[in-house]
Chemist: 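The structure is given below, and queries will be raised subsequently.
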Amino acid sequence: MKEENKKAIIVGAGPAGITAAYELQERTDIHPVILEETEAIGGISQTVNYKGNRMDIGGHRFFSKSKRVTDFWQKIMPLQGAPSQDDIIIGKKKNLSPNGPDPEKEDRVMLERERVSRIFYLRHFFDYPISLKWSTFSGMGLWRTVRAGFGYLKATIVKLPETSLENFYINRFGRQLYSMFFEDYTEKVWGIHPSKLGADWGSQRVKGLSILTIIKDMLSKALGIKGKGKVETSLIESFVYPKLGPGQLWEAAAEDVKKRGGEIYMQSKVTGIQITDGHVVSVEVLMPDGSKQQMDCKYLFSSMPIKDLIACIKGIEIPEDVRRIASELPYRDFITVGLLVKKLNMHNQTSIKTYKNRIPDTWIYIQERDVKIGRLQVFNNWSPYLIKDFKETMWIGLEYFCSEGDELWQMSKEDFINMAIKELVSIGFIEASDVLDSTQVKIRKAYPSYFGSYYELDKVKHFLNQIDNLYCVGRNGQHRYNNMDHSMLTAMEAVDAICNGNNNKQAIWAVNTEEDYHETK
């Protein structure tokens, strides 16, 4: 496909935006120009470097059932077996390039990682997804176990209408297990009770997960049977991960885009989008120096929040209900506290071998009601190379969900970090005296929410689809809780549409609505 002198403006340098630019360069002669409002490449998939200790914002397991996605990852960063803990400590395998030393790409490798996630509830650890092991029943206690069993049996017989996320979970796990392991955590994440959230979120995140699938998985492992069909994503046991965190992959891909002539402008905010005769003809950009520039374009890929996209559109009449729906779309914001500590108080009681008997978890879901923290990441277990001093320190991320302008968001950095430390002390994870350093990172509009005007979103989609050279991609670009691979696929589908001369956007919006599920985080 030859499209000389044609430019695509791409709003956002996250997975969708970078993928769109890369695919355009691979398959067309369209010139990509990426406009990123912040200082970071990767969006929520960025890696923050704080004094040599790297933070993964939200945690990103690189796993997908889409070969197209995994081929893309492999092209940017080839897979390399992870070094053992002993190799790290004694300094072996400093060069991880599979084909020998390469000064430019020595660190561009994916490591194979073992997935361990658990729930912390009632001051006990429970497997996630919930397993039917003795430790689960002993942690729950006899009475809770009996109630959970009868609750599940009832749920297999009496099905509730799936008009809410609460009913979605109850139908799969029973009311007692839902109350124990999903209700409070979900309310922490979204700031609203699951009974008021749409079932759409559950259908996209845990599509095939239920007690029955857990039993099937346990039996197949006990009998030594490896499933030849699909494996529910929530039950995967391993994944790959960039040596220096997820942002490393997107930074590497961005470098490749620029080497092939693409342009990337950081701290450049789109403030206007001019529409003429049903086409995007230009965008107005607020540049880092405060000046405004007009950039002409043939195509526009938008991963900016739909709320902001509609507000930027000029030159076309926007129906009042479309403006209202977009302006009222709900979002959830995200705060991570990074703590560098001497040690954690928990010891490894799993079968997984770890250095100094440290816990093996990549992250822990905190279900306790007396603290605000939602999840805890242990960055040492994502990749040992994220830590400046892997041998002597633990680098952890405390994750909080909030809404911009609320009490948590408005709290000063110092007060917030002090609160986070006190919470971890109160549940027995650390001693305050073991904290060596700390930082805080805020992310706006990290999670599109599924309530309120979300249920009228089709009207907005219909309006946007009439602008034939506008492609909405990524998590915020579609107001859908897409994971990284889903966001990539929306960009790939958009480039497909351009290559095929197809103005139908259905395939782009259909990503992450199918029955099979791709990546989890």
Side-chain angles (χ1 to χ4, degrees), residues 8-14 16-17 20 33-39 43-44 265-288 290-297 299-334 403-406 409 442-482 487 490-491 494 505 508-509:
I9 297 292
I10 301 168
V11 186
V33 177
I34 298 176
L35 303 173
E36 170 56 44
E37 183 178 353
T38 72
E39 298 177 349
I44 197 173
Y265 295 90
M266 306 302 293
Q267 296 179 276
S268 301
K269 181 180 180 179
V270 172
T271 55
I273 298 170
Q274 183 63 40
I275 310 294
T276 301
D277 297 329
H279 292 67
V280 179
V281 294
S282 65
V283 297
E284 180 185 75
V285 188
L286 179 63
M287 304 303 288
S291 65
K292 286 191 175 181
Q293 289 189 20
Q294 287 290 133
M295 295 187 179
D296 296 338
C297 64
Y299 304 98
L300 178 64
F301 290 74
S302 173
S303 67
M304 66 195 298
I306 287 179
K307 174 183 286 189
D308 299 335
L309 172 65
I310 292 294
C312 283
I313 290 177
K314 303 174 183 178
I316 185 174
E317 183 177 351
I318 302 175
E320 190 56 39
D321 60 343
V322 170
R323 283 192 185 277
R324 175 188 58 79
I325 294 164
S327 68
E328 294 176 359
L329 283 173
Y331 298 85
R332 199 68 167 145
D333 305 292
F334 189 69
S403 296
E404 189 173 354
D406 69 10
W409 189 266
K442 291 183 174 182
I443 301 291
R444 289 181 170 85
K445 293 184 174 65
Y447 302 104
S449 294
Y450 286 51
F451 62 91
S453 67
Y454 162 78
Y455 288 105
E456 301 178 85
L457 186 60
D458 281 348
K459 293 180 182 179
V460 180
K461 287 163 55 177
H462 177 72
F463 170 77
L464 293 172
N465 285 343
Q466 295 178 70
I467 304 171
D468 62 4
N469 62 342
L470 169 64
Y471 300 90
C472 294
V473 296
R475 176 179 284 192
N476 277 324
Q478 297 194 332
H479 200 86
R480 181 176 296 140
Y481 197 167
N482 287 328
S487 294
T490 61
K505 316 285 180 61
I508 305 170
W509 289 101

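Numbers here simply count residues along the sequence, with the first being 1.
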Chemist: Do you know which two heavy atoms are closest between Ser268 and Tyr265, and how far apart they sit?
Modeler: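 Taking every non-hydrogen atom into account, OG-CB, 3.4 Å.
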Chemist: What is the minimum heavy-atom distance between Gly12 and Ser303, and which atoms define it?
Modeler: CA-OG, 3.5 Å
Chemist: So, do Phe334 and Tyr447 have ring centers that fall under 6.0 Å from each other?
Modeler: yes
Chemist: Would you say Lys505 has more than 12 foreign heavy atoms packed within less than 6.0 Å of its NZ?
Modeler: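 Yes - once you tally the heavy atoms of other residues, nucleotides and ligands closer than 6.0 Å, there are more than 12.
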Chemist: Please determine, by modelled atom types, if Gln294 and Ser282 share a side-chain donor-acceptor pair under 3.5 angstrom.
Modeler: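 Their side chains do contain a donor-acceptor pair, which is all the 3.5 Å distance test asks for.
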Chemist: Nearest 0.5 Å, please: how far is CD in Gln293 from CG in Leu286?
Modeler: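 Result: 10.0 Å between the selected atoms.
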Chemist: Return the CD1 to CD1 distance between Ile467 and Ile273, rounded to the nearest 0.5 Å.
Modeler: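 One gets 8.0 Å once the value is rounded to the nearest 0.5 Å.
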Chemist: Taking Asn476 for the side chain and Ile306 for the main chain, is one N or O donor matched with an acceptor at less than 3.5 Å?
Modeler: no
Chemist: Could you work out, with side chain to side chain donor-acceptor pair (under 3.5 Å) as the rule, every residue matching Glu317, not counting sequence neighbours?
Modeler: none
Chemist: Quick one: closest heavy-atom pair of Val473 and Ala494, and the distance?
Modeler: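 Looking at all heavy atoms of both residues, the closest pair is CG1-CB, 4.1 Å.
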Chemist: Would you confirm whether Asp308, through its side chain, and Pro305, through its main-chain N or O, come within 3.5 Å as a donor-acceptor pair?
Modeler: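 Here the side-chain-to-backbone pair does not exist.
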Chemist: Any idea which heavy atoms bring Ala326 and Ile310 closest together, and the distance?
Modeler: CB-CG1, 3.6 Å
Chemist: Is there a side-chain contact between Pro330 and His479, using heavy atoms and a 4.5 Å cut-off?
Modeler: yes
Chemist: Show every donor-acceptor pair shorter than 3.5 Å between a side-chain atom in residues 456-463 and any protein atom, with sequence neighbours excluded, or say none if there are none.
Modeler:
unit_1: Glu456; atom_1: OE1; unit_2: Arg324; atom_2: NH2; d: 2.8
unit_1: Glu456; atom_1: OE2; unit_2: Arg324; atom_2: NH1; d: 3.2
unit_1: Glu456; atom_1: OE2; unit_2: Arg324; atom_2: NH2; d: 3.4
unit_1: Asp458; atom_1: OD1; unit_2: Lys461; atom_2: NZ; d: 3.4

Chemist: Can you find a heavy atom in the side chain of Tyr331 that is under 4.5 Å from one in the side chain of Lys307?
Modeler: yes
Chemist: Could you note down all residue pairs passing salt bridge (Lys or Arg N to Asp or Glu O under 4.0 Å) where residues 274-288 supplies at least one of them, sequence neighbours left out?
Modeler: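 Residue pairs passing salt bridge (Lys or Arg N to Asp or Glu O under 4.0 Å), neighbours aside: Glu284-Lys292, Glu284-Lys314.
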Chemist: Looking at Arg480 and Trp509, would you say the former's side chain and the latter's main chain have a donor-acceptor pair under 3.5 Å?
Modeler: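 Such a contact is found between Arg480 side chain and Trp509 backbone.
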Chemist: Find the distance between CG (Asn469) and SG (Cys297) and round it off to the nearest 0.5 Å.
Modeler: 6.5 Å
Chemist: How long is the gap from CG on Asn465 to SG on Cys472, to the nearest 0.5 Å?
Modeler: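 Those atoms lie 7.5 Å apart.
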Chemist: I'd like to know if the side chain of Tyr481 reaches the main chain of Tyr450, judged simply by a donor and an acceptor atom lying under 3.5 Å from each other, with no hydrogens or angles considered.
Modeler: no
Chemist: Checking the side chain of Arg475 only, and the main-chain atoms of Ala446 only, is there a donor and an acceptor separated by less than 3.5 Å?
Modeler: yes
Chemist: Is it true that a side-chain atom of Glu36 and a backbone atom of Thr38 form a donor plus acceptor pair closer than 3.5 Å?
Modeler: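 Looks like yes, one N/O pair under 3.5 Å.
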Chemist: Find the distance between CD (Gln478) and OG1 (Thr490) and round it off to the nearest 0.5 Å.
Modeler: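 Those atoms lie 5.0 Å apart.
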Chemist: Should Leu329 and Pro448 count as side-chain neighbours, where that means a heavy-atom distance under 4.5 Å?
Modeler: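 Result no, sub-4.5 Å side-chain heavy-atom pair not found.
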Chemist: Quick one: CE on Met304 to CD1 on Ile10, what's the gap to the nearest 0.5 Å?
Modeler: 14.5 Å
Chemist: Does Ser327 reach the main-chain N or O of Arg323 with its side chain, forming a donor-acceptor pair under 3.5 Å?
Modeler: yes
Chemist: Heavy-atom distance under 4.5 Å between the side chains of Asp468 and His279, does that happen here?
Modeler: yes
Chemist: Are any non-hydrogen side-chain atoms of Ile508 and Tyr471 less than 4.5 angstrom apart?
Modeler: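 Ile508 reaches Tyr471 side chain to side chain.
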